2 protein chains.
Amino acid sequence: MNDRGMGWEQPGAPAPSGGEALLFLTDEQLRKGIEAMFFAYRGFTADPDRILAEQDYGRAHHRALHFINRMPGTTVTNLLAILGVTKQSLNRVLRTLIADGLVESRVGRSDRRERNLHLTEAGEALERRLSAAQRARMRAAYRAAGPEAVAGFRQVLEAMMDDESRRQYQGLREPRG
Amino acid sequence: MNDRGMGWEQPGAPAPSGGEALLFLTDEQLRKGIEAMFFAYRGFTADPDRILAEQDYGRAHHRALHFINRMPGTTVTNLLAILGVTKQSLNRVLRTLIADGLVESRVGRSDRRERNLHLTEAGEALERRLSAAQRARMRAAYRAAGPEAVAGFRQVLEAMMDDESRRQYQGLREPRG
DNA sequence: CTTGGAATGTCAACAAGACTGACGTAACCT
DNA sequence: AGGTTACGTCAGTCTTGTTGACATTCCAAG
């Protein structure tokens with residue numbers, strides 16, 4: 001409650017160079033960044049949302065499909081940690097995906113309490129369709145902005161994550177290798 | 001912190017100038033971008049969410065406060081267009097904010113059908129608190145990534161928006177300015 | 001002056017997707 | 001044998017979004 005005139009660093013500080021310099025970050029610049037996230041995230045989800053609506057699914061289904069595709073054989077507990085929701089919430093989504101034949105739940109081999117989750121053919125098909133739409137927009141944005149902008153984009157996003165999310169993000173690898 | 005030298009420019013392609021270069025964008029690179037958005041957005045909303053939970057408000061209230069602060073005197077219809085929700089949905093939120101004395105709704109001068117929305121002192125106080133938390137994270141991310149990364153971040157986000165959102169985004173100016 | 005349409009607001013009903021809490025079962029580990 | 005872990009489910013709540021119907025107010029065109 002105290003930052004109306006937040007005059008941070010004095011004018012006359014060294015010019016920014018690299019990522020080490022003290023940056024002048026005005027209220028206005030930061031607010032524009034916040035708004036950019038807001039509007040961009042809306043665009044980011046718009047295309048998949050349209051496809052999902054056709055199928056009577058929602059974003060929750062998309063997220064599950066994405067990460068099961070990304071980490072085939074993952075367990076429910078692991079998915080829970082990544083998505084950051086309760087098991088009841090995830091279970092509702094997972095149940096419909098399994099019932100609809102998009103996801104397969106196999107009893108774990110070494111530990112039979114666990115369920116290893118995989119996409120079926122149909123699940124992979126929908127995931128590809130959703131992903132293709134989202135990737136098309138991402139690709140267009142990347143191309144419009146250029147490779148240096150893309151590197152910066154990723155750096156800022158990564159710095160914006162919670163530590164736990166960053167660990168999860170960095171842990172993700174190619175599906176299937 | 002791994003994508004400093006992500007060599008996905010076409011080998012031998014002309015140096016990127018003006019976002020014109022042809023980029024090789026693999027599925028994997030695009031998926032990582034998608035995941036970065038997902039995890040970063042979670043961090044982006046985490047701090048305000050905690051404050052809002054204390055006050056029994058949600059993100060919808062935050063968004064309304066943000067844009068009313070940003071465009072003092074804006075009308076309901078304009079806010080509707082920016083937030084991209086139905087008037088019923090916005091009205092529910094607005095009603096509680098007005099009832100709680102955070103937002104003031106004044107009958108329009110030139111057109112008395114319109115309602116010009118303003119934050120009260122209390123509304124400004126909460127908005128500042130929410131914004132301060134969000135800006136703190138944004139500032140930390142910007143500083144960690146450096147000024148060039150910030151420019152790229154904004155470029156990519158802007159390119160990711162729908163046309164309509166981009167117009168709205170670019171139309172936003174300093175509050176009071 | 002009347003009327004059509006625009007802007008606003010309200011009521012009711014509903015759905016998705018999150019939450020908590022409680023409970024049960026099976027499997028694993030010591 | 002007993003305690004813990006993994007998973008699933010039932011029941012209830014909350015926020016935030018949706019439609020549809022309808023009333024009010026007011027500007028502006030005829």
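Since we're looking at a predicted model, the values are computed, not measured. Residue numbering restarts at 1 for every chain, and letters A, B, ... go by the order of the sequence lines.
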Here the helical stems involving DNA chain C, each at least 3 consecutive Watson-Crick or G-U pairs closer than 3.5 Å, sorted by first residue number, are C:1-30 with D:1-30
* Asked: Using the ring of each side chain (for Trp, its six-membered ring), is A:Phe153 parallel, tilted or perpendicular to B:Phe153, with breaks at 30° and 60°?
  -> parallel
Out of C:dA26, D:dT18, D:dC27, minimum distance to the side chain of B:Val85 belongs to D:dT18
Separation between OG1 (A:Thr74) and CD (A:Glu114), nearest 0.5 Å, reads 9.0 Å
Notebook entry, point to check: Looking only at atom types and distance, does a side-chain atom of B:Ser165 sit under 3.5 Å from a main-chain N or O of A:Phe39, one as donor and one as acceptor?
Noted result: no
Rounded to the nearest 0.5 Å, the CZ atom of B:Arg137 sits from the CG atom of B:Asp47 at a distance of 4.0 Å
Numerically ordered, the residues 86-101 of chain A set in heavy-atom contact under 4.0 Å with DNA chain D is A:Lys87, A:Gln88, A:Asn91, A:Arg95
Interatomic distance, CG@B:Leu80 vs CD@B:Gln88, rounded to 0.5 Å, equals 8.5 Å
>> Looking at A:Arg135 and B:Glu28, is any side-chain nitrogen of the basic one under 4.0 Å from a carboxylate oxygen of the acidic one?
In response: no
Would you please say whether a donor-acceptor pair under 3.5 Å links the side chains of A:His61 and A:Thr96? yes
Whole-Å distance, A:Leu79 CG to D:dA6 C1', equals 14 Å
message: Any side-chain to backbone donor/acceptor pair from A:Arg115 onto A:Val107? Under 3.5 Å, distance only.
response: no
Worksheet item: Which is it for B:Glu35 and A:Leu157 under the side-chain contact (heavy atoms from CB on, under 4.5 Å) test, yes or no, and what are the steps along the way?
Response: CA-CA 10 Å; B:Glu35 285 156 359; A:Leu157 287 189; over 6 Å; no
Which of B:Tyr169, B:Phe44, B:Phe67 passes ring-ring contact (aromatic ring centres under 6.0 Å, His included) with A:Phe38? It is B:Phe67
Rounded to whole Å, NE2 of A:His62 lies from C1' of C:dA18 at a distance of 19 Å
- Message: Check this one for me: any side-chain N or O of B:His61 less than 4.0 Å away from OP1 or OP2 of D:dT15?
- Response: no
So CD of A:Glu124 and NE2 of A:His118: to nearest 0.5 Å the spacing works out to 11.0 Å
Please determine whether a side-chain nitrogen or oxygen atom of B:Arg113 lies at a distance below 4.0 Å from atom OP1 or OP2 of C:dA6.
no
Comparing A:Asp111 with A:Arg59, nearest DNA chain C nucleotide closer to 5' gives the residue A:Arg59
What residues 40-56 of chain A contributes to the DNA chain D interface at heavy-atom separation below 4.0 Å is none
- request: Ignoring backbone atoms, test whether A:Arg63 places a side-chain nitrogen or oxygen under 4.0 Å from the OP1 or OP2 oxygen of C:dA18.
  value: yes
